[in-house]
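Remarks on the structure that follows.
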Amino acid sequence: MSMIAIDNVWKSFDEGRIAVLKGVTLAVKRGELLALCGSSGCGKSTLLSLIAGLEDCDRGTVTIDGRERKTEREKVALLRREIGFVFQLHHLMPDLTLEENCLVPVIAVGDPVKQAKARMRELAEMTGVAHRLNSPVRVLSGGERQRGALVRALMNDPAILLADEPTGALDEENREIVFQMLLDLSRSGGKTLVMATHDQEMAQRCDRVLRMRDGKMVEP
């Protein structure tokens, strides 16, 4: 059974006037590292949002580990427990400390904060931001923010990690650091990683590369 199964999914915006996904079918194996490539506007980000349950498809089905989410409660529960999302622009709250940001997913599911802090410290050490946990996000560098976003995405130990151009806003040095961390943390934890990226060199270091054009999957 695939960890992620997408069957003939269509998605449009602006009351159907803007067609973004056009009959996409895709299966991702458990533990697979998949790169989605394609130009801006081809549908990569929308596809990730559908997998995460942040958007609903117009037609077709999205199943996670054999389950199709049909209610809002199911979608929220899956996102909080089983899916971690790393956005290109980190989406951290600037006036909170990095620690406070990283604890948001834990508080959302009602897990004990004391135990979660031990995991946060471990992840922060691995990603090189442990010394910044008590700093407001607004004073962190771009690389530190994105590494902090990776810690936050992993706090609830999700089975699936989604990354939308996670290195697109970083310089070359931080791009390599963050990408290698994504690979290492995904492989060491047996996580399924789906990453949208423009970077062909990084894409080739994943297990599989799929290309999108105009809302459809195309041949490599």
Side-chain angles (χ1 to χ4, degrees), residues 1-7 9 21 24-40 42-54 62-67 78-91 105 119 122-123 126-129 143 146-170 172-213 216-220:
M1 181 187 295
S2 300
M3 189 62 175
I4 302 169
I6 298 167
D7 184 28
V9 161
L21 296 178
V24 172
T25 294
L26 167 66
V28 186
K29 295 182 292 186
R30 187 183 303 274
E32 185 175 15
L33 276 60
L34 172 68
L36 289 175
C37 294
S39 59
S40 295
C42 71
K44 302 188 304 295
S45 296
T46 299
L47 186 57
L48 291 183
S49 293
L50 290 176
I51 295 172
L54 298 174
V62 177
T63 58
I64 304 297
D65 201 14
R67 289 169 293 164
L78 192 67
L79 181 59
R80 287 177 173 177
R81 285 290 187 187
E82 298 188 44
I83 295 177
F85 208 128
V86 183
F87 301 89
Q88 179 176 352
L89 297 178
H90 67 78
H91 285 200
R119 176 169 174 76
E122 179 183 0
L123 289 168
M126 292 172 65
T127 53
V129 292
Q146 198 65 333
R147 281 179 273 163
L150 181 54
V151 173
R152 181 187 59 183
L154 291 164
M155 280 299 296
N156 288 337
D157 196 21
I160 298 171
L161 191 58
L162 305 176
D164 189 5
E165 298 286 359
T167 62
L170 302 178
E172 186 173 350
E173 180 181 1
N174 278 298
R175 189 179 304 129
E176 175 60 27
I177 290 171
V178 170
F179 179 68
Q180 192 58 54
M181 286 175 181
L182 274 170
L183 293 187
D184 292 346
L185 289 166
S186 297
R187 287 189 168 124
S188 64
K191 300 184 185 307
T192 303
L193 170 65
V194 182
M195 177 180 68
T197 182
H198 285 95
D199 194 311
Q200 297 298 312
E201 189 273 331
M202 289 185 178
Q204 293 301 323
R205 289 157 66 183
C206 293
D207 298 331
R208 184 163 55 120
V209 181
L210 292 178
R211 303 189 187 283
M212 297 186 68
R213 182 184 305 128
K216 300 177 180 181
M217 292 294 178
V218 296
E219 293 297 322

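Nearest heavy atoms, Cys37 versus Val209: SG-CG1, 3.8 Å. The two residues Ala149 and Val86 have their closest heavy-atom pair at O-CG2, 4.5 Å. In terms of heavy-atom proximity, Leu154 sits nearest to Arg119 at O-NH2, 2.7 Å. For the residue pair Pro158 and Gly84, the shortest heavy atom distance occurs at CB-N, 3.5 Å. Contact detail for Val151 and Val129: the closest heavy-atom pair is CG2-CG2, 4.2 Å. In this structure, Leu161 and Ser186 approach most closely via the heavy-atom pair CD2-OG, 3.9 Å.
At distances below 3.5 Å, at least one donor-acceptor pair connects side-chain atoms of Glu32 with backbone N or O atoms of Lys29. Between the Asp7 side chain and the Val62 main chain, no donor and acceptor come within less than 3.5 Å of each other. Distance alone, capped at 3.5 Å, is enough to place a donor-acceptor pair between the Thr192 side chain and the Gly31 backbone. Looking only at distances, no side-chain donor or acceptor of Arg205 sits under 3.5 Å from a matching main-chain atom of Gln180. In this structure a side-chain-to-backbone donor-acceptor pair under 3.5 Å is missing from Lys191 to Leu185. Side chain of Lys216 to backbone of Leu21: no donor-acceptor contact under 3.5 angstrom is found. Side-chain atoms of Arg213 never come within 3.5 Å of backbone atoms of Cys42 as a donor-acceptor pair (strictly under, hydrogens ignored).
Using a 4.0 Å cut-off between charged side-chain N and carboxylate O, Arg81 and Asp157 make no salt bridge. A salt bridge links Arg187 with Asp207: the closest approach of a Lys/Arg side-chain nitrogen to an acidic carboxylate oxygen falls below 4.0 angstrom.
Partners of Glu82 according to the side-chain contact (heavy atoms from CB on, under 4.5 Å) rule, which considers only residues two or more places apart in sequence or in another chain, are Arg67, Leu78. With sequence neighbours left out, the ring-ring contact (aromatic ring centres under 6.0 Å, His included) criterion links Phe87 to Phe85, His91.
Side-chain atoms of Met195 and Leu183, non-hydrogen and from C-beta on, never get closer than 4.5 Å to each other. Side chains of Met3 and Val28 form no contact here, defined as non-hydrogen atoms less than 4.5 Å apart. Here the side chains of Arg147 and Val178 are in contact, with some heavy-atom distance below 4.5 Å. Looking at Val9 and Leu50, their side chains come closer than 4.5 Å, going by heavy atoms from C-beta outward. Residues Met202 and Thr167 have side chains in contact (heavy-atom distance under 4.5 Å, counting atoms from C-beta outward). Arg211 has its side chain out of reach of Lys44: every pair of non-hydrogen atoms, C-beta onward, lies at least 4.5 Å apart. Put simply, the side chain of Ile83 reaches to within 4.5 Å of the side chain of Leu162, judged on heavy atoms. At a threshold of 4.5 Å between non-hydrogen side-chain atoms, the residues Leu182 and Asp184 do not count as touching.
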(Q) Determine whether Val218 and Met212 satisfy the following criterion, side chain to side chain contact (heavy atoms under 4.5 Å, CB included), listing intermediate values before the conclusion. (A) CA-CA 6 Å; Val218 296; Met212 297 186 68; 6.0 Å; no

Q. Are Met217 and Leu210 close enough, and set up right, to give a side chain to side chain contact (heavy atoms under 4.5 Å, CB included), and what steps lead you there?
A. CA-CA 7 Å; Met217 292 294 178; Leu210 292 178; 4.2 Å; yes

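Rounding to the nearest 0.5 Å gives a distance of 6.5 Å between CG of Leu26 and CG of Leu47. Residue His198 holds its NE2 atom at 6.5 Å from OG of Ser39, rounded to the nearest 0.5 Å. A distance of 9.0 Å separates CE in Met126 from CG in Leu150, rounded to the nearest 0.5 Å. Residue Ile6 holds its CD1 atom at 8.5 Å from OG1 of Thr63, rounded to the nearest 0.5 Å. Of the inter-residue distances, the one linking Glu172 atom CD with Arg175 atom CZ reads 6.5 Å to the nearest 0.5 angstrom. Remark: Leu34 CG to Ile4 CD1 distance equals 8.0 Å, nearest 0.5 Å.
More than 12 heavy atoms of other shown residues, nucleotides or ligands fall within 6.0 angstrom of atom CD in Glu201.
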